[in-house]
Structures are given as structure tokens and as C-alpha cells.
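Predicted model only: the values in this text are computed from it and were never measured.
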Amino acid sequence: MMKKHLLILTFAAALFGSCSDNTEPQEPIKPKPEPPIEKTTFNANVLKQEWDNIDFEIVPSNDKASYYFALRPTIECLQLTDKQLLESILAHDAATIDTHTKQGTTTIQRVAGQPATMNYHPNTSYTLLVFGYDATTHKPTTEPARFTMRTAQPDGDPAACTFKVTFSEVTANGVKVDLIPSNPKLLYTWDLMHLTSYEAYKNVMKLYVETLVEESTPEEIYHMATFGEVHQVFPNVLTPQTSYVLWAVCIDEKGAPTAEVYVSEPFTSGK
């Protein structure tokens with residue numbers, strides 16, 4: 001209060017002059033400039049790790065700073081610098097980023113009995129990128145902070161996982177596939193294959209899968225992986241009157257086979 005009164009009296013003296021003719025008017029005391037806001041930094045903590053989910057929190061050093069975060073499979077980020085990853089997220093999330101900024105601590109937590117907060121893969125690494133963001137200028141305001149977290153490894157030996165497959169609704173160009181692994185928590189990949197191609201590779205199917213992975217991009221590797229049951233109709237993938245098999249194999253997060261390749265009995269598309 002004393003400082004406030006002093007400023008008011010000083011301002012009045014400067015404006016109207018002193019009561020004494022012998023006193024020179026005084027210059028108003030200029031308030032000290034506000035110190036610059038501390039550069040915002042970020043920390044991320046894993047709160048709970050499950051085979052299909054990660055609970056985590058983001059803690060900024062400045063509770064009033066606005067920021068944005070994005071989570072990506074680490075396999076898609078390994079070859080990107082922080083700057084490249086930031087540019088990728090700004091481009092990919094351009095339509096929603098301005099309305100999804102956060103302030104203060106953000107907690108991403110699974111609600112008991114509900115599905116995971118995103119479609120996580122089991123036993124897989126994810127990269128969290130956090131950066132300050134100004135929605136009015138549409139620009140980042142800090143350097144990005146990068147954190148790595150992963151889902152837990154589920155129980156079960158991939159070598160012991162078996163697959164049950166049923167083909168139905170077969171037409172000249174389409175088929176319904178029902179594929180059920182014995183362990184729904186293990187990561188695997190699968191595909192249909194011409195019977196003639198399978199005959200050429202049947203003794204080296206694991207090498208076939210490894211070559212397929214080597215020729216794929218990180219994004220393709222991540223999205224070729226799945227877990228749990230598959231129940232899907234594929235309407236336009238077959239050649240008429242052609243025999244096919246389905247192969248499936250458990251893999252790790254980089255697409256490497258972790259078991260022998262399962263191959264189904266063949267089926268033949270219609271006329």
C-alpha cells in the first residue's frame with residue numbers, strides 16, 4: 001500500500017506542480033518492468049502401464065502457458081529430428097490443434113471398465129511430443145520436448161499362439177475372413193496369398209515375412225500389425241477362380257516374426 005500511495009502522490013506532483021515555488025517538479029517514478037516469463041519446460045510421467053494402455057500426465061513449468069501434445073508410434077519417429085517431428089505434427093493436426101491446446105497439468109487416464117484411451121499396440125513404444133503453442137498466431141512458442149513410453153508385455157508365449165480361420169461369403173472378388181488367435185493379447189500380422197505363390201515360398205515363409213517388413217515403411221509396419229480377433233469382409237481383393245491361403249504370424253513392434261508362420265487350408269474364389 002505504501003508504494004501505491006507514493007506513486008499516486010508523485011504522479012499528482014508532476015501533473016500539478018509542487019505547492020512550494022522553490023521546489024522543482026519531480027519526474028514520475030516509473031514502475032519496474034515485469035520480469036520475462038520463464039521459458040516453459042515440460043515433464044511427462046507414466047502413471048500406469050498396461051498391455052493395451054498407458055496412463056500418463058504432462059506437467060508444464062508454467063501453469064498458464066498453452067501447449068499441445070501428440071502421441072505417435074516410436075517406429076514412425078526414429079528417423080525424425082525433433083524439428084521434423086514437430087513439422088509433421090503441425091501439418092497432420094492442423095485442423096484440430098488450435099482448439100485442443102492445454103494449460104496446467106494434463107492427465108490422460110483410462111476410465112475403469114472402459115476401452116483404452118487410444119488404439120495402443122501391446123508391448124510397443126510410443127513417442128510423446130509436447131510443445132508450447134499460441135492458437136492466435138498458430139505458432140509453436142517453445143522447443144518441443146520428446147518423451148518415450150511403452151505398453152506392457154502381455155502374458156503368453158508367441159510360439160504357443162495358434163490361429164483359427166474361417167472363410168465365408170466367398171464370391172468371385174470377395175471373401176469374409178474370421179481370424180481368431182488363441183492369445184488375443186499378442187501382436188501379429190496376416191494376409192491372403194495366392195496358393196501358387198505360397199507353393200513357391202512354403203519352406204521359407206518366415207523369410208518371406210521378414211522381406212515383406214524390410215520393404216515396408218515404418219508407418220506400414222505399424223499398421224500391418226494387429227491383435228485380437230479379425231472379422232471383416234473384403235469385397236474386392238480376389239481374382240475369380242483363384243485359390244488362396246491365409247498366413248498369420250506373431251511379430252514384435254518392428255515387424256520381426258516371433259514364432260513360426262501359420263498357414264490355413266486353401267479356398268477358391270467364385271466365377
Side-chain angles (χ1 to χ4, degrees), residues 1 3-4 7-8 11 28-152 217-223 225 253:
M1 294 297 293
K3 184 175 181 181
K4 181 177 179 181
L7 287 175
I8 292 173
F11 177 74
I29 298 175
K30 296 180 180 180
K32 293 182 179 180
E34 291 290 330
I37 296 176
E38 179 186 358
K39 180 180 179 181
T40 304
T41 58
F42 301 95
N43 192 24
N45 304 304
V46 173
L47 304 177
K48 188 176 182 180
Q49 183 189 38
E50 300 174 280
W51 71 272
D52 64 342
N53 184 68
I54 307 171
D55 290 346
F56 64 93
E57 66 177 5
I58 300 169
V59 184
S61 60
N62 180 356
D63 285 343
K64 295 182 179 180
S66 295
Y67 63 92
Y68 185 78
F69 72 91
L71 199 64
R72 297 287 188 270
T74 297
I75 192 173
E76 298 180 8
C77 308
L78 290 175
Q79 304 302 318
L80 300 179
T81 64
D82 286 354
K83 180 180 179 181
Q84 290 171 329
L85 182 55
L86 175 61
E87 291 173 348
S88 172
I89 290 172
L90 290 173
H92 184 272
D93 296 3
T96 59
I97 187 170
D98 286 349
T99 56
H100 286 75
T101 56
K102 305 290 185 181
Q103 288 183 320
T105 298
T106 296
T107 302
I108 304 300
Q109 196 166 17
R110 183 182 204 163
V111 178
Q114 296 298 314
T117 54
M118 66 172 279
N119 187 27
Y120 289 101
H121 286 178
N123 195 24
T124 298
S125 176
Y126 290 85
T127 293
L128 174 69
L129 198 76
V130 189
F131 53 92
Y133 186 81
D134 187 339
T136 60
T137 62
H138 315 293
K139 299 286 186 182
T141 58
T142 69
E143 293 295 320
R146 185 190 292 218
F147 307 93
T148 302
M149 56 189 72
R150 66 182 302 111
T151 49
T217 66
E219 291 79 8
E220 290 170 339
I221 293 171
Y222 182 80
H223 291 289
E253 62 185 305

State the [atom1]-[atom2] distance between [X] and [Y], to the nearest 0.5 angstrom.
| X | Y | atom1 | atom2 | result |
| --- | --- | --- | --- | --- |
| Thr117 | Asn53 | OG1 | CG | 4.5 Å |
| Ile54 | Arg110 | CD1 | CZ | 11.5 Å |
| Glu87 | His92 | CD | NE2 | 15.5 Å |
| Arg146 | Arg72 | CZ | CZ | 12.0 Å |
| Leu47 | Asp55 | CG | CG | 6.0 Å |
| Lys48 | Ile108 | NZ | CD1 | 15.5 Å |

Query raised in the report: By side chain to side chain contact (heavy atoms under 4.5 Å, CB included), which residues pair with Leu80, not counting sequence neighbours?
Result: Gln84, Leu85
Shortest non-hydrogen separation from [X] to [Y] and the atoms involved:
| X | Y | result |
| --- | --- | --- |
| Ile75 | Pro218 | O-CB, 3.2 Å |
| Ala135 | Asp98 | CB-O, 3.7 Å |
| Ala70 | Ile89 | CB-CD1, 3.7 Å |
| Gly104 | Pro60 | O-CD, 3.4 Å |

**Report entry** Any residue meeting side-chain hydrogen bond (donor to acceptor under 3.5 Å, both in side chains) with Thr106, in chain and number order, not counting sequence neighbours
**Finding:**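 Checked Thr106 against side-chain hydrogen bond (donor to acceptor under 3.5 Å, both in side chains); matches are Tyr67.
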**Report entry** Under the side-chain hydrogen bond (donor to acceptor under 3.5 Å, both in side chains) test, residues paired with Glu253 that sit two or more places apart
**Finding:** Arg150
Between [X] and [Y] (side chain of the first, backbone of the second, donor and acceptor by atom type, cut-off under 3.5 Å), is there such a pair?
| X | Y | answer |
| --- | --- | --- |
| Ser88 | Leu86 | no |
| Asn43 | Val59 | no |
| Ser61 | Thr41 | yes |
| Gln103 | Asp63 | no |

Query raised in the report: Considering only heavy atoms from C-beta outward, does the side chain of Lys102 approach that of Ile58 to under 4.5 Å?
Result: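 Side-chain contact under 4.5 Å: no.
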Requested in this report: Inspect the surroundings of CD in Glu143 and state if more than 12 heavy atoms from other residues, nucleotides or ligands are less than 6.0 Å away.
Outcome: no
Query - Verdict with reasoning, Phe56 to Tyr126, per side-chain contact (heavy atoms from CB on, under 4.5 Å) - result: CA-CA 12 Å; Phe56 64 93; Tyr126 290 85; over 6 Å; no
Query - Under 3.5 Å side-chain donor-acceptor pair for Thr74 and Thr127 - result: yes
Query raised in the report: Any idea how His121 and Tyr222 line up, ring-wise: parallel (<30°), tilted (30 to 60°), or perpendicular (>60°)?
Result: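 Plane angle under 30°, so parallel.
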Report task. Indicate the ring-plane relationship of Phe131 and Tyr68, choosing parallel, tilted or perpendicular according to the 30° and 60° boundaries. Result -> tilted
Query - Verdict with supporting geometry, His138 and Tyr133, side-chain contact (heavy atoms from CB on, under 4.5 Å) - result: CA-CA 7 Å; His138 315 293; Tyr133 186 81; 3.5 Å; yes
Query raised in the report: Should Leu128 and Met149 be marked as a side-chain contact (heavy atoms from CB on, under 4.5 Å) after you check the CA-CA gap, both sets of side-chain angles, and the distance that decides it?
Result: CA-CA 8 Å; Leu128 174 69; Met149 56 189 72; 3.9 Å; yes
